[in-house]
There are 2 protein chains.
Amino acid sequence: MSTQAPAPTRREQILKEAARLFAERGFHGVGVDEIGAAVGISGPGLYRHFAGKEAMLAELLVGISGRLLAGGKRRAAEVPEGERDPAAVLDSLVRGHIDFALDDRPLIVLHDRELDRLRDTDRKLVRSLQRQYVELWVQVVCEVHPRLSEAEARACVHAVFGLLNSTPHLSRPGALPGRAATAELLHRLALGAFRAAADGSGPASGEGGGGV
Amino acid sequence: MSTQAPAPTRREQILKEAARLFAERGFHGVGVDEIGAAVGISGPGLYRHFAGKEAMLAELLVGISGRLLAGGKRRAAEVPEGERDPAAVLDSLVRGHIDFALDDRPLIVLHDRELDRLRDTDRKLVRSLQRQYVELWVQVVCEVHPRLSEAEARACVHAVFGLLNSTPHLSRPGALPGRAATAELLHRLALGAFRAAADGSGPASGEGGGGV
DNA sequence: CAGCGGCGTTAGTGGTCGTTAACCTGGTGG
DNA sequence: CCACCAGGTTAACGACCACTAACGCCGCTG
């Protein structure tokens, strides 16, 4: 019943293994022979599928940036019941990003770690996609929390991305009961961070004596 | 009048520039000639000061992990007015980490990005220091928010580290007015995330209709 | 069956990089 | 004045690595 999963293409195998290896040891730390070995072929056989090692990284980064943006746009567009509820949209964005972070961990790692290893053209494209994605969030955050300036909202969005993308670090098994609990926890953390940023606009208020 | 800043040692120059370059282009992406050029000497001259390229990375990572832990222990020990106030300790931990993240950006980047390029011995040492630092936070977070289990608190701590360490990403100038404002914003975000994680323990509550 | 194109293979090549070797030099203490 | 040493220099070496060349196998189509 799955529409398009049964037979992964060679290209897809290669991309998947390359993503894992790049995330583990860094772009420069992985040789083409290793990538080939990971999919059962050896070394230069990869060049039948990709123009070079960098082309693999480019396709990975463009792919994930594009999918993140597309998913975000979709979620921002589909307002479930005709009611224009920005909080629900932000909620959906957070959930979508969490799904990405939990399911495509290697790509999330690469996404903000190996961007500078790309040629100018590809890097600009990826950066453009990333920027659009960020701006999408910024717009929604500004709607939900009007007290935040746009610059503040942007900083908050970056910070929350850092928060959500931290999942690779708690990869040690046994860290959390299960995927659902982790997702729920991240969701609370992210929304709580936004709310706290918007609540206390005065200096250092919002906690201290009030926290007790 | 500054007690120990005026004359940076060659070693310190090298470490500083190496940290910057490693953070910019990755450990494998930087050659020893570049590091040498950055401090005005050329290539193999570095070997008068370090046993090898990896030794520089090791010293950087051990150094920052140790300083983070030491600073955390100090802040956890000094209870300002004799009152055992966990919230104040957590507040201090957050501020200390923010100072680190804002002032030693390259090191923060390296700290969780190039750890795997170390030999077993050094890597174990760094990991041990990191673990102690995390556990320090976990303990305090559990005191401040008793509703969180230890595993949950640990996940929250990792996530908040990701949040605080996200500052390198908003390095684009003009992102935020100034250092103080950024620090204040990060502070609110971090504490708000902790509070939100502890507040809503039920499923998906805490927002939705309540968010409005 | 002939031809051919997709997909691999192994061998080789040019270049880069970390590291070592051998040598030089300016200041300093006896 | 001399020996020495910390801290440089350039040249060279060996390993690695991305990529190319040349070739082989197999399934398809006419």
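Per chain, numbering begins at 1; letters A, B, ... match sequence-line order. These numbers were taken from a predicted model, which means no experiment stands behind them.
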Sugar-phosphate only, base, or nothing, as touched by G31(B) at under 4.0 Å among non-hydrogen atoms: sugar-phosphate
H28(A) NE2 - dA15(D) P separation (whole Å): 23 Å
Sugar-phosphate only, base, or nothing, as touched by G52(A) at under 4.0 Å among non-hydrogen atoms: sugar-phosphate
Whole-Å distance separating the CZ atom of F22(B) from the C1' atom of dG18(C): 12 Å
Whole-Å distance separating the OH atom of Y47(A) from the P atom of dC7(C): 18 Å
Between dA18(D) (P) and R117(A) (CZ): distance, integer Å: 14 Å
Atom pair distance, as rounded to whole Å: NZ in K53(A) and C1' in dG15(C): 14 Å
salt_bridge(D99(A), R179(A)) N-O dist < 4.0 Å: yes
Ionic contact status for R95(A) with D91(A), cut-off 4.0 Å: yes
Full working for salt bridge (charged side-chain N to carboxylate O under 4.0 Å, His left out) between R154(B) and E150(B): CA-CA 6 Å; R154(B) 190 152 21 241; E150(B) 201 180 291; 3.3 Å; yes
Rounded interatomic separation in angstrom, taking CG from L21(B) and P from dC17(C): 13 Å
Distance, rounded to the nearest Å, where L46(B) contributes CG and dA21(C) contributes P: 17 Å
Interatomic distance where CG belongs to D33(B) and C1' belongs to dG18(C) [whole Å]: 9 Å
Salt bridge (Lys or Arg N to Asp or Glu O under 4.0 Å) against R67(A), all qualifying residues, sequence neighbours excluded: none
Sugar-phosphate, base or nothing in reach of V39(B), heavy atoms under 4.0 Å: nothing
Distance-only donor-acceptor test, R48(A) side-chain atoms vs dG8(C) base atoms, 3.5 Å: yes
Residue mapping more 5' on DNA chain D - nearest nucleotide basis, P44(B) or R10(B): R10(B)
